[in-house]
Participant: 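I am attaching a structure below and will ask some questions about it afterwards.
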2 protein chains.
Amino acid sequence: MQLCSIQNNMRKLRFNHDEMTQQELAKNIGVTRQTIIAIESRKYSPTLELAFKIAGVFQVPLEEIFQYKPEKS
Amino acid sequence: MQLCSIQNNMRKLRFNHDEMTQQELAKNIGVTRQTIIAIESRKYSPTLELAFKIAGVFQVPLEEIFQYKPEKS
DNA sequence: GCATCATGTTAATAATATTTTACATTATGT
DNA sequence: ACATAATGTAAAATATTATTAACATGATGC
């Protein structure tokens, strides 16, 4: 499956935050669990708005969660 | 017209970077001028990938260009 | 064994972002 | 006056992201 160009460590952050589940994170930022799954598995990148919300939950700068990896030339 | 929830200072940055035009910025990051116009006028938010590319052009952290302003309760 | 919870997969639909094209406006230079 | 460059506006078409729902798996506890 095609990976998107944005890497992330949401999964690691969830575990470091009291093993927050995908469901809890989803509810926290107001999206469905499917969206969390898709982002964690790099099926697609979140919107900028969603990325900011996620950074807000974990209280870290956005760039600490998401990194741009061009991949394509 | 409805504004999106992400603020930005691309316009200011363009002028501070040798008065870079919308056209030049667009070409730099590989999108059309319409996309730059839409983002600058907050018609919609860029994708996370685009936001990273724009930050790359201006060589500043993403959060220095884009700020999340919830607006809605 | 059975129920429950967390995670994963797939597919269809809805919502949003981006492209393309065309035309308008304002300022600048000749 | 005319040409050009930068910006703005609008609409339709396409691409990407997000939602919803249904079903599957592995782990845990009773």
Side-chain angles (χ1 to χ4, degrees), chain A residues 1-58 62-73, chain B residues 1-58 62-73:
Chain A
M1 192 230 350
Q2 257 287 67
L3 292 188
C4 76
S5 60
I6 305 279
Q7 259 186 219
N8 72 83
N9 32 40
M10 280 168 56
R11 206 170 180 81
K12 203 175 296 176
L13 281 164
R14 277 199 298 114
F15 281 91
N16 292 346
H17 278 248
D18 200 27
E19 305 205 356
M20 178 184 294
T21 68
Q22 293 176 330
Q23 190 65 259
E24 288 171 327
L25 176 55
K27 191 172 179 189
N28 242 313
I29 61 181
V31 299
T32 63
R33 189 170 63 89
Q34 300 314 315
T35 300
I36 303 300
I37 291 174
I39 296 170
E40 283 192 359
S41 64
R42 293 183 61 184
K43 195 172 167 200
Y44 51 69
S45 312
T47 58
L48 188 50
E49 183 172 353
L50 215 46
F52 271 113
K53 283 185 187 167
I54 294 169
V57 168
F58 295 125
L62 192 152
E63 284 162 319
E64 203 169 296
I65 307 185
F66 301 99
Q67 291 96 31
Y68 179 44
K69 300 281 169 179
E71 295 283 353
K72 333 214 152 181
S73 66
Chain B
M1 192 226 355
Q2 258 285 68
L3 293 189
C4 78
S5 59
I6 305 279
Q7 257 187 222
N8 72 82
N9 32 40
M10 280 167 57
R11 205 169 180 82
K12 203 175 298 177
L13 281 164
R14 278 199 298 113
F15 282 91
N16 292 346
H17 278 248
D18 201 26
E19 304 204 358
M20 179 185 294
T21 67
Q22 294 175 330
Q23 190 66 259
E24 289 170 327
L25 176 54
K27 191 173 179 189
N28 243 313
I29 61 180
V31 299
T32 63
R33 189 171 63 91
Q34 299 315 315
T35 300
I36 304 300
I37 291 174
I39 296 170
E40 282 192 359
S41 64
R42 292 182 62 184
K43 196 171 166 200
Y44 51 70
S45 314
T47 57
L48 187 51
E49 183 172 352
L50 215 46
F52 270 113
K53 282 184 187 168
I54 294 169
V57 167
F58 296 125
L62 193 151
E63 284 162 319
E64 204 169 294
I65 307 185
F66 300 99
Q67 290 97 32
Y68 179 44
K69 300 283 168 177
E71 295 285 352
K72 332 212 152 184
S73 64

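Naming: A, B, ... by sequence-line order, numbering from 1 per chain. We use all heavy atoms of the structure for the numbers below, so side chains are in, but hydrogens, waters and symmetry mates are not.
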Participant: Apply side-chain hydrogen bond (donor to acceptor under 3.5 Å, both in side chains) to B:Glu40 and list each qualifying residue two or more places apart in sequence or on a separate chain.
Facilitator: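 side-chain hydrogen bond (donor to acceptor under 3.5 Å, both in side chains) list for B:Glu40, sorted by chain: B:Arg11, B:Arg14, B:Gln22.
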Participant: Taking heavy atoms of chain B and a 4.0 Å limit, find me the 5'-most and 3'-most nucleotide of DNA chain C within that range.
Facilitator: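 Answer, 5' to 3': C:dA17 to C:dA22.
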Participant: Distances under 3.5 Å between protein N/O atoms and the N/O atoms of nucleotides 26-30 of chain D, please, pair by pair.
Facilitator:
none

Participant: Heavy-atom distance under 4.5 Å between the side chains of A:Leu25 and A:Arg33, does that happen here?
Facilitator: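 A:Leu25 does not reach A:Arg33 side chain to side chain.
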Participant: Taking atom NZ of A:Lys27 and atom CD1 of A:Ile36, what is their separation to the nearest 0.5 Å?
Facilitator: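 Answer rounded to 0.5 Å: 14.0 Å.
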Participant: Is the shortest side-chain heavy-atom distance between B:Thr21 and B:Gln23 below 4.5 Å?
Facilitator: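 Result yes, sub-4.5 Å side-chain heavy-atom pair found.
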Participant: Just so I know, are the side chains of A:Phe66 and A:Ile39 near enough to count as touching, which here means a heavy-atom distance under 4.5 Å?
Facilitator: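 Side chain of A:Phe66 against side chain of A:Ile39, heavy atoms only: contact under 4.5 Å found.
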Participant: I want to check something: taking the side chain as every heavy atom from C-beta on, are B:Glu64 and B:Leu13 in contact at a cut-off of under 4.5 Å?
Facilitator: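 Answer no - side chains too far apart.
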Participant: Under 4.0 angstrom, heavy atoms only, what part of the nucleic acid is A:Thr47 near: base, sugar-phosphate, or nothing?
Facilitator: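 The answer is sugar-phosphate, as A:Thr47 gets under 4.0 Å only of primed atoms, P, OP1 or OP2.
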Participant: Starting from C1' on D:dT17, measure out to CG on A:Leu50 and report it in whole angstrom.
Facilitator: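 So the CG-C1' distance, A:Leu50 to D:dT17, works out to 10 Å.
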Participant: Using nucleotides 7-11 of chain D, report all nitrogen or oxygen pairs with the protein that are shorter than 3.5 Å.
Facilitator:
unit_1, atom_1, unit_2, atom_2, d
D:dT7, OP1, B:Arg14, NH1, 3.0
D:dT7, OP2, B:Gln22, N, 2.9
D:dT7, O3', B:Arg11, NH2, 3.4
D:dG8, OP1, B:Arg11, NH2, 3.2
D:dG8, OP2, B:Gln22, NE2, 2.9
D:dG8, N7, B:Arg33, NH1, 3.3
D:dG8, O6, B:Arg33, NH2, 2.9
D:dT9, O4, B:Gln34, OE1, 3.1
D:dT9, O4, B:Gln34, NE2, 3.4
D:dA10, N6, B:Gln34, OE1, 3.2

Participant: So, OP1 or OP2 of D:dT19: does either fall under 4.0 Å of a side-chain N or O from A:Thr35?
Facilitator: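 Yes, because at least one side-chain N or O of A:Thr35 sits under 4.0 Å from OP1 or OP2 of D:dT19.
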Participant: Without swapping roles, check the side chain of A:Ser41 against the backbone of A:Ile37 for a donor-acceptor pair under 3.5 Å.
Facilitator: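 Side chain of A:Ser41 to backbone of A:Ile37: a pair is present.
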Participant: If the helix axis at each end comes from five base pairs, how far does the helix from C:dG1-D:dC30 to C:dT30-D:dA1 deviate from straight, to 10°?
Facilitator: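 Comparing the axis at each end, I get an angle of 30°.
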Participant: Just verifying a value: how many Å separate B:Lys43 NZ and B:Gln34 CD, rounded to the nearest 0.5 Å?
Facilitator: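 Going from NZ on B:Lys43 over to CD on B:Gln34, the span is 8.0 Å.
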Participant: Is the shortest heavy-atom distance from the side chain of B:Ile6 to the side chain of B:Gln67 under 4.5 Å?
Facilitator: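 Result no, sub-4.5 Å side-chain heavy-atom pair not found.
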Participant: Measure across A:Cys4 and A:Tyr44 and return the closest heavy-atom pair with its distance rounded to 0.1 Å.
Facilitator: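 Smallest interatomic distance, heavy atoms only, reads SG-C, 3.7 Å.
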Participant: Give, for atom CD of A:Glu24 and atom CD1 of A:Ile29, the distance between the pair rounded to the nearest 0.5 Å.
Facilitator: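 Rounded to the nearest 0.5 Å, the CD-CD1 separation comes out at 12.5 Å.
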Participant: Which pairs of donor and acceptor atoms, one on a side chain in residues 45-58 of chain B, lie under 3.5 Å apart (sequence neighbours left out)?
Facilitator:
unit_1, atom_1, unit_2, atom_2, d
B:Thr47, OG1, B:Leu50, N, 3.2
B:Glu49, OE1, A:Ser5, OG, 3.1
B:Glu49, OE2, A:Ser5, OG, 3.3

Participant: Within the side chain of A:Asn8, is there an N or O that forms a donor-acceptor pair under 3.5 Å with the backbone of A:Met10?
Facilitator: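 Checked: pair present.
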